[in-house]
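Take a look at the structure set out below.
Note on naming: letters A, B, ... go to the chains in the order of the sequence lines (proteins, then strands), and numbering restarts at 1 for each one.
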Amino acid sequence: MQVKAPRGTYDILPQDSVKWQYIEKIMRDSAESFGFREIRTPLFEHSELFQRGVGQGTDIVSKEMYSFNDRSRRSLTLRPEGTAPCARALIEHGIYSGVMPVKWYYLGPMFRYDRPQTGRYRQFHQFGVEAFGSNSPYLDAEIIILLVEILRRLGLDDYELHLNSLGCSVCRDDYRQKLLQHISPFKEQLCQDCQQRYMQNPLRVLDCKMETCHQAIRGYPIFYDHLCPYCQEHYSRVQAALQANGVSYIHDNNLVRGLDYYSNTAFEIHLPGIGAQSAVGGGGRYDGLVKELGGPDIPGIGFALGMERLLLALDMLGKREFSKPSLDVFVVVMNDAYEMQGLQLVSELRRRGIRADKDYGGRSGKAQMKYAGKTAARFVVMVGEEEVEKHFWTLRDMQSKEQRQLGQEELIDSIRSVIETK
RNA sequence: GUGGAUGUAGCUCAGUCGGCUAGAGCACCAGAUUGUGGCUCUGGGGGCCGUGGGUUCAAGUCCCAUCAUCCACCCCA
């Protein structure tokens, strides 16, 4: 049995890596234009970081972590998300004692043990941003504007932005009590899953798909109506700021993010039409996280975008064509005897900034021409007996089929004059 | 973790009710007189029929298991 890539992982081959480079550049440029700078944290961390930072009750910690003991029996975990590591780094380096807010972005693989499906992998990639040290609602809005801007630059304008407020720890606990009180009498009528949710995270009962559950809990109190004055004010300012910037959103009472550290603003962005895993990004405010991890009580907010899902969307909905980078010149050596001259020529062309390659298969001139055609090289330079004897090169323009005999400097100049105007 | 579909060449697939050395298209390689690409023609290489077991005189085909992929649930990115 041959060895294959592990379940839920895959190779990104050159034809696809150009797409990755394309979206990565858009993300970096966008984030940097908003004043974010890149941070790179380790791919694995002490398991404890995620247990405390993400939360014991979450799906991520309870069943999706890739954890292992290293040789000195420390429990380590391949990072399932990027926020907790950023918070850890912020604390570890005392960054919070400098200029605030701290605005970081990151880009890279995340790991979750989940059942693979289209748009869902065990090693997947996220682009994310985090801003620490400000609880201004306008920062919340700015973060969302950045998210939307990235989608716009990618040409994926047809999104749905869901927005909600999860309140602060005070009004959330308050609401939770009210909700439990409301549901309690109908507990028996809930589905199996919801009976569980009732115990662990009653807010999740609200977006159960089962009709019977909807019926059972109808008339339930709406969180929106129970936010404390501070949280209400915060949320309405976020909304006003989004409106003022022309960002349309859907207020969604049922949006309950899975990670424990969220507070106040929470959002999720969907691209309908890419299958079941339509959430391409999500995020929110996590004002308690840094303190929870042993740092000072400073607020934070961020989001993460799923790169695979964006790529999927680009393939399915995008209009963009990706041209593969092609060679400028292919050097055809007509006779084995002149291999050395051919090699010297490609090397010189490459030194002069020309993308050049040659054949190493010892193939016939005709076969090399054929191969040159496939590489879509603009020019072929022929190296044979006549060229070497008479000190010139034969340059063939593969588009016009014109051929000229040129000295080396003329050759380079004439290649450059064409490729530089491209 | 639950339910369903599917696994035959690098890719897309055909292969009847079990019955010859398992096929096609594309891709790849080579030729079509002498140093020249794309088109055409000819030829060639390449398959433990996902893997393991079972039924049978005989299994790509039937049965079981297992692995993987896909779809949905769940959850999210």
Checklist outcome for this item: Residues pairing under salt bridge (Lys or Arg N to Asp or Glu O under 4.0 Å) where one sits in residues 387-400 of chain A, two or more places apart or in two chains, turn out to be R378(A)-D397(A), E386(A)-K390(A)
Next on the checklist: From the set rA77(B), rA30(B), rU36(B), return the single nucleotide nearest to any side-chain atom of R309(A).
Outcome noted: rA77(B)
Checklist entry - Under a 4.5 Å cut-off applied to non-hydrogen side-chain atoms, are R352(A) and R416(A) in contact? => result yes
Checklist entry - For RNA chain B, which consecutive runs of 3 or more Watson-Crick or G-U pairs (each distance under 3.5 Å) count as stems? => result B:1-7 with B:67-73, B:10-13 with B:23-26, B:28-32 with B:40-44, B:50-54 with B:62-66
Checklist entry - Between D357(A) and R350(A), does at least one N-O distance fall below 4.0 Å, as a salt bridge requires? => result yes
Checklist entry - What is the distance from CG of D397(A) to P of rG38(B), rounded to the nearest Å? => result 17 Å
Item to check | Euclidean distance for P, rC64(B) against rU6(B) (whole angstrom) | outcome: 13 Å
Checklist outcome for this item: Q117(A) CD to rG1(B) C1', in whole Å, measures 13 Å
Next on the checklist: I'd like the P distance from rG44(B) over to rC26(B), given in whole Å.
Outcome noted: 16 Å
Item to check | Spacing between Y262(A) atom OH and rC75(B) atom P, to the nearest angstrom | outcome: 16 Å
Item to check | d(CG, L107(A); C1', rA77(B)) in whole Å | outcome: 13 Å
Checklist entry - With respect to the phosphate group of rC76(B), does any side-chain polar atom (N or O) of K63(A) fall under 4.0 Å of OP1 or OP2? => result no
Checklist entry - Would you say K366(A) reaches rG37(B)'s phosphate, i.e. side-chain N/O to OP1/OP2 under 4.0 Å? => result yes
Checklist entry - For M382(A), which contact category applies under a 4.0 Å heavy-atom criterion: base, sugar-phosphate, or nothing? => result base
Next on the checklist: Below the 4.0 Å mark, does rA30(B) have OP1 or OP2 next to a side-chain nitrogen or oxygen of K370(A)?
Outcome noted: no
Next on the checklist: What I'd like to find out is whether the side chain of I269(A) reaches to under 4.5 Å of the side chain of L151(A), using heavy atoms alone.
Outcome noted: yes
Checklist entry - Which part of the nucleic acid, if any, lies within reach of Q399(A) when heavy atoms closer than 4.0 Å are counted: base, sugar-phosphate only, or nothing? => result nothing
Item to check | Charged N-O contact under 4.0 Å between R153(A) and D29(A) | outcome: no
Checklist entry - Any side-chain N or O of R363(A) less than 4.0 Å from the OP1 or OP2 oxygen of rC29(B)? => result yes
Checklist entry - With respect to the side chain of R7(A), which nucleotide from rA77(B), rA68(B), rG35(B) is positioned closest? => result rA68(B)
Report, one pair per line, the protein and nucleotides 3-7 of chain B atoms (nitrogen or oxygen only) whose separation is under 3.5 Å.
| unit_1 | atom_1 | unit_2 | atom_2 | d |
| --- | --- | --- | --- | --- |
| rG3(B) | O6 | R115(A) | NH2 | 3.2 |

Checklist entry - Is it true that R404(A) and E402(A) make a salt bridge, defined as a side-chain N closer than 4.0 Å to a carboxylate O? => result no
Next on the checklist: Around atom CG of D158(A), are there more than 12 heavy atoms from other residues, nucleotides or ligands closer than 6.0 Å?
Outcome noted: no
Item to check | Y360(A) and E339(A): side chain donor to acceptor below 3.5 Å | outcome: no
Item to check | Length of the line joining D59(A):CG and rC73(B):P, which is rounded to integer Å | outcome: 15 Å
Checklist entry - Any side-chain heavy-atom pair from Y235(A) and H251(A) closer than 4.5 angstrom? => result yes
Item to check | Nearest-nucleotide 5' precedence on RNA chain B, G119(A) against P116(A) | outcome: P116(A)
Checklist entry - At under 4.0 Å between heavy atoms, what does A304(A) touch on the DNA or RNA strands: base, sugar-phosphate, or nothing? => result sugar-phosphate
Checklist entry - Mind checking whether Y249(A) and F267(A) have ring centres under 6.0 Å apart? => result no
Checklist entry - So what does G8(A) touch, heavy atoms closer than 4.0 Å: a base, only the sugar-phosphate, or nothing? => result sugar-phosphate
Checklist entry - Across the strands shown, which category fits E268(A) at heavy-atom distances under 4.0 angstrom: base, sugar-phosphate, nothing? => result nothing
Next on the checklist: Considering every strand and a 4.0 Å limit on heavy-atom distances, what is the contact class for E81(A): base, sugar-phosphate, or nothing?
Outcome noted: nothing
Next on the checklist: Need one value for Y371(A): base, sugar-phosphate or nothing, where a base atom within 4.0 Å counts as base even if backbone is also close, heavy atoms only.
Outcome noted: nothing
Checklist entry - When rounded to the nearest Å, what value does the distance between P atoms of rC13(B) and rA9(B) take? => result 11 Å
Item to check | H125(A) and E308(A), any side-chain heavy atoms less than 4.5 Å apart | outcome: yes
Next on the checklist: Classify G281(A) by what it touches in the nucleic acid, base, sugar-phosphate, or nothing, heavy-atom distance under 4.0 Å.
Outcome noted: sugar-phosphate
Checklist entry - So does Q368(A) get a side-chain nitrogen or oxygen closer than 4.0 Å to the phosphate oxygens (OP1/OP2) of rG37(B)? => result no
Checklist entry - Which whole number of Å gives the distance between the C1' atom of rG60(B) and that of rC49(B)? => result 5 Å
Checklist entry - Which is true for E308(A) with a 4.0 Å heavy-atom rule: it touches a base, it touches only sugar-phosphate, or it touches nothing? => result nothing
Checklist entry - Donor-acceptor pair under 3.5 Å: do we get one between R120(A)'s side chain and the base of rC70(B)? => result no
